[in-house]
Protein chains: 2
Amino acid sequence: MRSYGQFCGLAKALDVVGDRWTLLIVRELLLQDAARYTDLRHGLPGIATNLLAERLREMELAGLVSREQAPPPVATALFRLTPRGRELEPVVRALGAWAGPLMRQWTPDQAFRSRWLALPVEFYLTDRTPARPPVTIQVHTGDEPMLIETVLGAVKARPGSAPDADAVLTGPPHLVMGLLSGRMPLATARAKGLHFRGNFAAVRRLQPKR
Amino acid sequence: MRSYGQFCGLAKALDVVGDRWTLLIVRELLLQDAARYTDLRHGLPGIATNLLAERLREMELAGLVSREQAPPPVATALFRLTPRGRELEPVVRALGAWAGPLMRQWTPDQAFRSRWLALPVEFYLTDRTPARPPVTIQVHTGDEPMLIETVLGAVKARPGSAPDADAVLTGPPHLVMGLLSGRMPLATARAKGLHFRGNFAAVRRLQPKR
DNA sequence: CGGCATCCACAGTGATACTG
DNA sequence: CAGTATCACTGTGGATGCCG
């Protein structure tokens, strides 16, 4: 991208991360820690492969991303965020928070990956009663099952399944998020097509921060 | 800009503010409150006039900006941020903070506007001893003189001159910021071409937050 | 002068095909 | 799997013109 040529922090930051796709690549690497090229492609539906290659090169040059050759069993390149790249987390967080009101509708033409749930869940949810025994919520939405767990007051999300989860949510992502955030009552979510099974108290443990 | 088509907060936010120049227009309106088209052009060196017009139209449509017809003495359109637009301040702040390390060099080919000082000053500086009488620092750098003042523990910056300022700084912007942030010792700044006059204790009142 | 619209050369983007 | 190559298309920036 052409530089703005302005001596201003915002402009300088955008000179580096303002390119199309760049911050979404940061998102994927915040979520995956180390990712192969193909993992990134899967997490970035819509990206052209040449653009992904070009962005990774630029981001490596800018010191945001490191590329390492994985040991023989894998024998492929792994991409990670450098510490400097990980410092973009507050930027991703701020943009995500701002987008909250834009996330109440979902249409099937919008691509969705289950892992993306982890960002809003970990950034904006907290455990209302951290002293009580931890809970596990199974979520079926998107491309792979996800687990949401309370850990020492925080809420974590990761891909996985737990047959003994306290609650199981199945349905489109905006209903899942509406319910998890406490914004949408269970009855409403159900009426709109969410399937819920288990102990709803486990869901009520979650609460937006602040 | 073409939509990413992803149901993800970050992607949705970038669908709205990811266009080139959009966040810089937000910056100008955070700094100026109400700005005429020409003010915006001056604050956005390098922007093509058709692009500014197009962005303003898009931002109005997205609910970020409002356009009002100023009363007869001015008789021109004034642009403001809507409340929704002003909620982008944390995004601008996060990107600006991330850019900190990129702001230590300045070359004359980089455009600079004195008003831009207000963002780092008000976001990241605080008054070390708020109980003591307020201080005023006059800064000469960029296109117009600026005043930096301590107000109830906060630090404010605005265009203007005060003949009785406690301190006067004259020189290139990176030296001014280096000195104000306390990162650069006075001797170093002077050696590099900053002119300082007055009471240095006034400058030492300022301190990066946290 | 303020507030654009138009035109043009060019750089960035995205779909597809291809390669080691 | 991990890209590179190609190419049509779109967005950008610079210049200029127009109109109240």
Side-chain angles (χ1 to χ4, degrees), chain A residues 1-6 11 14-25 28-29 32 34-62 65-80 109-111, chain B residues 1-6 11 14-25 28-29 32 34-62 65-80 109-111:
Chain A
M1 162 188 277
R2 188 191 180 125
S3 166
Y4 286 109
Q6 299 184 358
L14 291 174
D15 280 347
V16 181
V17 301
D19 257 325
R20 194 161 163 79
W21 294 106
T22 302
L23 279 176
L24 296 189
I25 296 174
E28 288 305 304
L29 291 173
Q32 304 202 29
R36 295 170 303 171
Y37 189 86
T38 314
D39 301 332
L40 291 173
R41 270 184 60 164
H42 176 256
L44 295 164
I47 197 173
T49 175
N50 57 343
L51 273 192
L52 177 54
E54 188 178 331
R55 288 292 175 274
L56 286 170
R57 233 180 297 122
E58 294 164 351
M59 293 170 76
E60 212 182 333
L61 211 72
V65 159
S66 72
R67 176 192 312 241
E68 82 194 49
Q69 211 58 30
V74 196
T76 181
L78 286 180
F79 298 91
R80 293 176 194 275
D109 63 312
Q110 294 185 54
Chain B
M1 163 188 279
R2 189 190 178 130
S3 166
Y4 286 108
Q6 299 184 357
L14 292 174
D15 280 347
V16 180
V17 300
D19 258 326
R20 194 163 162 76
W21 294 107
T22 301
L23 278 177
L24 296 189
I25 296 175
E28 287 305 305
L29 291 173
Q32 305 203 27
R36 296 170 301 171
Y37 190 85
T38 314
D39 300 331
L40 291 173
R41 270 186 60 165
H42 177 255
L44 296 163
I47 197 171
T49 173
N50 58 343
L51 273 192
L52 177 54
E54 189 178 329
R55 290 289 176 275
L56 286 170
R57 235 181 296 121
E58 294 163 351
M59 293 170 76
E60 211 182 334
L61 211 72
V65 159
S66 72
R67 174 193 314 242
E68 82 194 49
Q69 212 57 30
V74 195
T76 181
L78 286 180
F79 298 91
R80 292 176 195 274
D109 63 313
Q110 294 186 55

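Chain naming here is simple, since letters A, B, ... match the order of the sequence lines and numbering starts at 1 in each. Nothing here was measured: the structure is a model prediction, and the numbers come from that model.
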Work out how much the helix from C:dC1-D:dG20 to C:dG20-D:dC1 bends between its end axes, five pairs an end, to the nearest 10 degrees.
30°
Calculate, to the nearest 0.5 Å, the distance between atoms CH2 and CG belonging to B:W21 and B:L52 respectively.
9.5 Å
When the nearest nucleotide of DNA chain D is assigned to A:R67 and to A:S3 on a heavy-atom basis, which residue is associated with the more 5' position?
A:R67
Atom CZ of B:R41 and atom C1' of C:dG3 are separated, to the nearest Å, by 9 Å
Between P of C:dC4 and CD of B:E58, the distance in whole Å:
13 Å
The ring-ring contact (aromatic ring centres under 6.0 Å, His included) partners of B:F79 (sequence neighbours excluded) come to none
Examine the side chains of A:T49 and A:Y37 and answer whether a donor and an acceptor come within less than 3.5 Å of each other.
yes
Does A:W21 have a side-chain nitrogen or oxygen under 4.0 Å from the phosphate oxygens OP1 or OP2 of C:dT13?
no
On DNA chain D, does the nearest nucleotide to A:Y4 precede the nearest nucleotide to A:F79 from the 5' side, or the other way round? Give the residue.
A:F79
D:dC1 P sits how many Å from A:L40 CG, rounded?
13 Å
Answer yes or no: is there a side-chain heavy-atom contact under 4.5 Å between A:L51 and A:E54?
yes
Member of A:E60, A:E28, A:E68 meeting the salt bridge (charged side-chain N to carboxylate O under 4.0 Å, His left out) criterion with A:R80
A:E68
Whole angstrom is fine here: how far is it from CD1 in A:I47 over to P in C:dT13?
10 Å
Whole-Å distance separating the NE2 atom of A:H42 from the C1' atom of D:dG3:
19 Å
Whole-Å distance between C:dG2 P and B:D39 CG?
8 Å
How long is the line joining CG of B:L52 and P of D:dG11, in whole Å?
18 Å
For B:R67 and B:A77, which heavy atoms make the closest approach, and how far apart are they?
CG-CB, 4.2 Å
For nucleotides 5-12 of chain C, tabulate all protein N/O to nucleotide N/O atom pairs closer than 3.5 Å, reporting atom names and distance.
residue: C:dA5; atom: OP2; partner: B:R57; partner atom: NH2; Å: 3.0

Between C1' of C:dT13 and CD1 of A:I25, the distance in whole Å:
14 Å
How long is the straight-line distance from CG of B:D19 back to CZ of B:R2, given to the nearest 0.5 Å?
13.5 Å
Please report the interatomic distance CZ(B:R55) to CE(B:M1), rounded to the nearest 0.5 Å.
8.0 Å
Just by modelled atom types, is the B:P45 backbone N or O under 3.5 Å from a matching donor or acceptor in the A:Q6 side chain?
yes
